[in-house]
> 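Below you'll find the structure I mean.
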Amino acid sequence: MKKWIALCVSALLLMGMLAGCSGTDSGTYSTIEEGKLIMSTNAEFPPYEYTTDDGGFAGIDVEIAQAIADKLGLTLEIDDMDFDSALLAVQTGKSDIVMAGVSVTEDRQLVMDFTDSYATGIQVVIVKEGSDVTMDNLGEMTIGTQRGTTGYIYASDSVENGGYGEDHVKAYDNGATAIQALLNDQIDAVIIDSAPAQEYVAANSGLTILEGNWVEESYSIGVAKGNTELLDAINGALQELIEDGTVQSIIDSYITAE
């Protein structure tokens, strides 16, 4: 089965090189190099993806992507960029997959396809210690989020739709910049996923996470809209990695159950 999947992906990659982008919603393939699996990401989202001291990449998404590439007989290539660009790269054929703690939304499903979920993401609220910010009065505060994330999308939505309104939300290029704005008293809180939130709080004294989850989501891998062959191959490899415990083992090596 594994060998069959690898052969199918190799054939798919070659077909993509010959066909290029067809310009239609179905049967569109990225013009990638045969034998490579190109992953776009935003490597500022520990422990899911981050840069190492030697200039490499590490994290849950990086290791899962590497395991998928290995199972499919491909070489993983990682392109680091801002979050919005990482999402766009897979839509325009500049990458094959996007992994950056990406959750599935209705709007994103209009422009890309997604694999089965491989992890659960919980978004929380970071505030300064001693702050009077609570989950109940969050809508009265100025909130920082990473640009393009569901945290920004949900928080900046109208009050009628469950958000706080655009006037109460500031978007930053990455989580670290939002945290710095919080430390500088430019905002009152930061909404971000629980795992990186714990990293930021541990690295910056004087910060704490409000009790309770702001929202819970599932992470998936994004591929170009209509590229069903690649989607099926990635899903097949991912399912094997979930069933044999590899995915959970990778997650457990970065996130310790409390």
Side-chain angles (χ1 to χ4, degrees), residues 41-42 44-50 60-61 82-88 98-112 114 117 119-220 222 255 258:
T41 192
N42 176 228
E44 298 188 49
F45 192 65
Y48 284 90
E49 41 265 315
Y50 55 92
I60 294 170
D61 285 347
D82 64 57
F83 186 77
D84 278 345
S85 296
L87 295 176
L88 185 60
V98 55
M99 293 183 73
V102 179
S103 52
V104 181
T105 68
E106 291 183 1
D107 287 342
R108 289 174 183 169
Q109 285 179 307
L110 295 176
V111 293
M112 66 179 79
F114 291 93
S117 172
T120 299
I122 297 172
Q123 294 194 45
V124 296
V125 180
I126 302 175
V127 299
K128 277 191 164 184
E129 292 180 348
S131 168
D132 59 358
V133 178
T134 67
M135 286 290 190
D136 292 333
N137 67 13
L138 194 57
E140 302 170 15
M141 306 297 171
T142 302
I143 305 159
T145 66
Q146 184 175 358
R147 182 176 289 105
T149 62
T150 51
Y152 174 78
I153 293 170
Y154 300 153
S156 63
D157 205 347
S158 65
V159 176
E160 292 77 13
N161 290 333
Y164 307 120
E166 293 183 356
D167 293 343
H168 287 277
V169 183
K170 290 188 176 181
Y172 295 90
D173 288 340
N174 51 62
T177 307
I179 292 297
Q180 191 58 54
L182 176 61
L183 292 169
N184 294 340
D185 294 321
Q186 295 170 315
I187 54 177
D188 302 306
V190 171
I191 292 175
I192 196 167
D193 291 61
S194 176
Q198 294 176 40
E199 299 269 351
Y200 287 129
V201 169
N204 296 276
S205 61
L207 298 182
T208 187
I209 298 173
L210 290 182
E211 185 176 350
N213 300 335
W214 189 69
V215 73
E216 185 172 323
E217 303 174 298
S218 296
Y219 292 154
S220 297
I255 302 177
E258 297 181 346

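As a basis for the values below, the full set of heavy atoms in this structure was taken, side chains included, without hydrogen atoms, waters or symmetry mates.
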> Does the side chain of Q123 pick up a donor-acceptor pair with the side chain of T149 at under 3.5 Å?
no
> Side chains of M135 and W214: closer than 4.5 Å at any heavy-atom pair?
yes
> Nearest 0.5 angstrom please: L182 CG to I143 CD1, how far?
11.5 Å
> Under the side-chain contact (heavy atoms from CB on, under 4.5 Å) criterion, do F114 and R108 qualify, and how do the steps go?
CA-CA 9 Å; F114 291 93; R108 289 174 183 169; 3.7 Å; yes
> According to salt bridge (charged side-chain N to carboxylate O under 4.0 Å, His left out), who are the partners of D167, at least two apart in sequence or on a separate chain?
none
> Side chains of L207 and V190: closer than 4.5 Å at any heavy-atom pair?
no
> Kindly say whether D132 contributes a backbone atom to a donor-acceptor pair with the side chain of N137 at under 3.5 angstrom?
yes
> Once rounded to the nearest 0.5 Å, what's the spacing between atom CE of M141 and atom CD1 of I187?
12.5 Å
> Would you please name every residue forming a side-chain contact (heavy atoms from CB on, under 4.5 Å) with V169, sequence neighbours left out?
T145, Y152, A155, S156
> Taking only residues two or more places apart in sequence, or in another chain, which ones meet E44 in a side-chain contact (heavy atoms from CB on, under 4.5 Å)?
N42, N174
> Side chains of K128 and D185, heavy atoms from C-beta outward: is any pair under 4.5 Å?
yes
> Is there side-chain contact between D173 and D82, with heavy atoms separated by less than 4.5 Å?
no
> Rounded to the nearest 0.5 Å, what separation is found between the CD1 atom of I192 and the OH atom of Y200?
5.0 Å
> Between Y48 and T41, is any pair of side-chain heavy atoms under 4.5 Å apart?
no
